[in-house]
Amino acid sequence: MLTELVHRLRQAGGLTQKRDIQTVSQVLGPGAVRLGDDCAAIPDGDGYLLLAAEGLWPQLVQSDPWFAGWCAVMVNVSDIYAMGGRPLAVVDTIWSQSVASSLPLWEGMQAAARAYHVPIVGGHTNSHSPYDALSVAILGRAGSLISSFAARPGDQLLVAFDLRGALHARYPFWNAATEADPARLRSDLAILPQLAESGLCDAGKDISMGGLVGTLLMLLETSDQGATLDLEAIPLPPEMTLEHWLVCFPSYGFLLSVRPELAGAVQQQFSERDLSCAAIGTVESGKQLVFRHRGECVLFWDLAEQALTGFSPSRAAL
């Protein structure tokens, strides 16, 4: 059973699409700012400017433009907080077939911008396009970083979710945001910079469209580590199967790699806000991700043999 699950997950669309990032890693190569984090962390004074961008899935833009607009802001905000930062502003790029077709995108973006207290300060608009498309970029600032490059052998892997939500009717999105109180959304996200600034956590990622599995692989790749993932320990909504949850975008979801003596204090920060935070595995030396379930262990991915994004420090050094 576990072997069959591994085979299906390896073919999941969100995971296979992460391999497209190898084009970027091959073209750009090493630079002054490390590539592979949720944001580019640009040294600035006694901290960092954080810069990120997201393009929205074309099918979502076409079928649910308001939600696409909301998500465009939400996912960028999440990337900033995931690195221990706080967002400053966003800009957008909209290509639409008409002014009318762009209005739901704008309404969704504005609703999210109000909810997260992040202003939209500019961008690009064209309403004479043969298609509708949306991307959003964000600027933030951090004093202390949570980085994809900082996981260490012996760390506990913690996953934090907001399980108060509902599954999108058509897509693998767990929506824990649009109906939530905006003040609660902001306070829940503020946990991340607090963890970074207090020294409780320096390694982790926002759970992206690759789901928990794809996000863990990216974390391990940039940190040049392996891990064992305990599938039975992963919290999930009662209406979701484990297989679907592993590749679902959770809207509020963070994967953290934490020194074991600090894990309890980190979990307490989330539990005090009624968020689920569980220990789901251990970071290990080597580059293999192994799944454990009901006493059975199966290799899911060997990063020494097969890259995902290509943003491995050891590969870059070759």
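Predicted model, so just to flag it, every value in this text is computed and none were measured.
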Exercise for the section: Validate the cation-pi geometry between R34 and F149: distance from NZ or CZ to the six-membered ring centre under 6.0 Å, angle to the ring axis within 45°. Expected result: yes
Close side-chain approach of [X] to [Y], heavy-atom, < 4.5 Å:
{"X": "L217", "Y": "F300", "value": "yes"}
{"X": "V298", "Y": "R292", "value": "no"}
{"X": "L255", "Y": "D206", "value": "no"}
{"X": "C248", "Y": "M240", "value": "yes"}
{"X": "L192", "Y": "L256", "value": "yes"}
{"X": "I280", "Y": "L212", "value": "yes"}
{"X": "L242", "Y": "L231", "value": "yes"}
{"X": "Q156", "Y": "L262", "value": "no"}

N/O donor-acceptor pair under 3.5 Å between [X] side chain and [Y] backbone:
{"X": "S78", "Y": "V75", "value": "no"}
{"X": "E221", "Y": "T309", "value": "yes"}
{"X": "R141", "Y": "P87", "value": "no"}
{"X": "E179", "Y": "G165", "value": "no"}
{"X": "D92", "Y": "V136", "value": "no"}
{"X": "S223", "Y": "S148", "value": "yes"}
{"X": "D37", "Y": "A40", "value": "no"}

Considering all heavy atoms of both residues, which atom of [X] and which atom of [Y] are nearest to each other, and what is their separation?
{"X": "I146", "Y": "C201", "value": "CG1-O, 3.7 Å"}
{"X": "S312", "Y": "D224", "value": "OG-OD1, 2.6 Å"}
{"X": "L134", "Y": "G69", "value": "CD2-CA, 3.9 Å"}
{"X": "Y116", "Y": "A177", "value": "OH-CB, 3.7 Å"}
{"X": "I191", "Y": "Y252", "value": "CD1-OH, 4.1 Å"}
{"X": "P250", "Y": "A176", "value": "O-CB, 4.4 Å"}

Checking side-chain polar atoms at under 3.5 Å, does [X] have a donor or acceptor matched by the opposite partner on [Y]?
{"X": "T228", "Y": "E284", "answer": "yes"}
{"X": "S63", "Y": "Y171", "answer": "yes"}
{"X": "S96", "Y": "D132", "answer": "no"}
{"X": "S251", "Y": "N175", "answer": "no"}

Rounded to the nearest 0.5 Å, how far does [atom2] of [Y] lie from [atom1] of [X]?
{"X": "L158", "Y": "S257", "atom1": "CG", "atom2": "OG", "result": "8.5 Å"}
{"X": "S187", "Y": "E272", "atom1": "OG", "atom2": "CD", "result": "12.5 Å"}
{"X": "L246", "Y": "L236", "atom1": "CG", "atom2": "CG", "result": "8.5 Å"}
{"X": "H293", "Y": "D230", "atom1": "NE2", "atom2": "CG", "result": "8.5 Å"}
{"X": "Q267", "Y": "S276", "atom1": "CD", "atom2": "OG", "result": "9.0 Å"}
{"X": "M209", "Y": "C71", "atom1": "CE", "atom2": "SG", "result": "8.5 Å"}

Electrostatic pair [X]-[Y], nearest N-O below 4.0 angstrom:
{"X": "D162", "Y": "R273", "value": "no"}
{"X": "K287", "Y": "D302", "value": "no"}
{"X": "R170", "Y": "D64", "value": "no"}
{"X": "K205", "Y": "D79", "value": "no"}
{"X": "R164", "Y": "D188", "value": "yes"}
{"X": "R86", "Y": "E197", "value": "yes"}

For residues [X] and [Y]: do they belong to one hydrophobic cluster (side chain heavy atoms under 4.5 Å, members Ile, Leu, Val, Met, Phe, Trp, Tyr)?
{"X": "L5", "Y": "L216", "result": "yes"}
{"X": "L220", "Y": "V6", "result": "yes"}
{"X": "L35", "Y": "L49", "result": "no"}
{"X": "I234", "Y": "I207", "result": "yes"}
{"X": "L9", "Y": "L299", "result": "no"}

Problem - Test applied, ring-ring contact (aromatic ring centres under 6.0 Å, His included); reference residue, F161; option that passes from W245, F254, F249 - result: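 The passing option is W245.
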Handout entry: Matching residue for H168 among W174, W70, F67 - test: ring-ring contact (aromatic ring centres under 6.0 Å, His included)
Key =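 With H168 as partner, ring-ring contact (aromatic ring centres under 6.0 Å, His included) holds for just one option, F67.
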Exercise for the section: Show your reasoning for whether side chain to side chain contact (heavy atoms under 4.5 Å, CB included) applies to D155 and V258. Expected result: CA-CA 5 Å; D155 281 0; V258 180; 5.9 Å; no
Problem - Whether over 12 other heavy atoms sit under 6.0 Å from E239 CD - result: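 Result for CD/E239: enclosed.
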Exercise for the section: Dump the intermediate steps for side chain to side chain contact (heavy atoms under 4.5 Å, CB included) on W95 and H124, then the final yes or no. Expected result: CA-CA 8 Å; W95 291 80; H124 173 86; 3.7 Å; yes
Exercise for the section: Apply side chain to side chain contact (heavy atoms under 4.5 Å, CB included) to the pair Q288 and L303, showing each step before the final yes or no. Expected result: CA-CA 6 Å; Q288 293 185 335; L303 288 162; over 6 Å; no
Exercise for the section: Tell me, with the steps shown, if W66 and L103 meet side chain to side chain contact (heavy atoms under 4.5 Å, CB included). Expected result: CA-CA 8 Å; W66 187 95; L103 290 180; over 6 Å; no
Problem - side chain to side chain contact (heavy atoms under 4.5 Å, CB included), paired with C39, selected from L145, N76, I138, L50 - result: L50
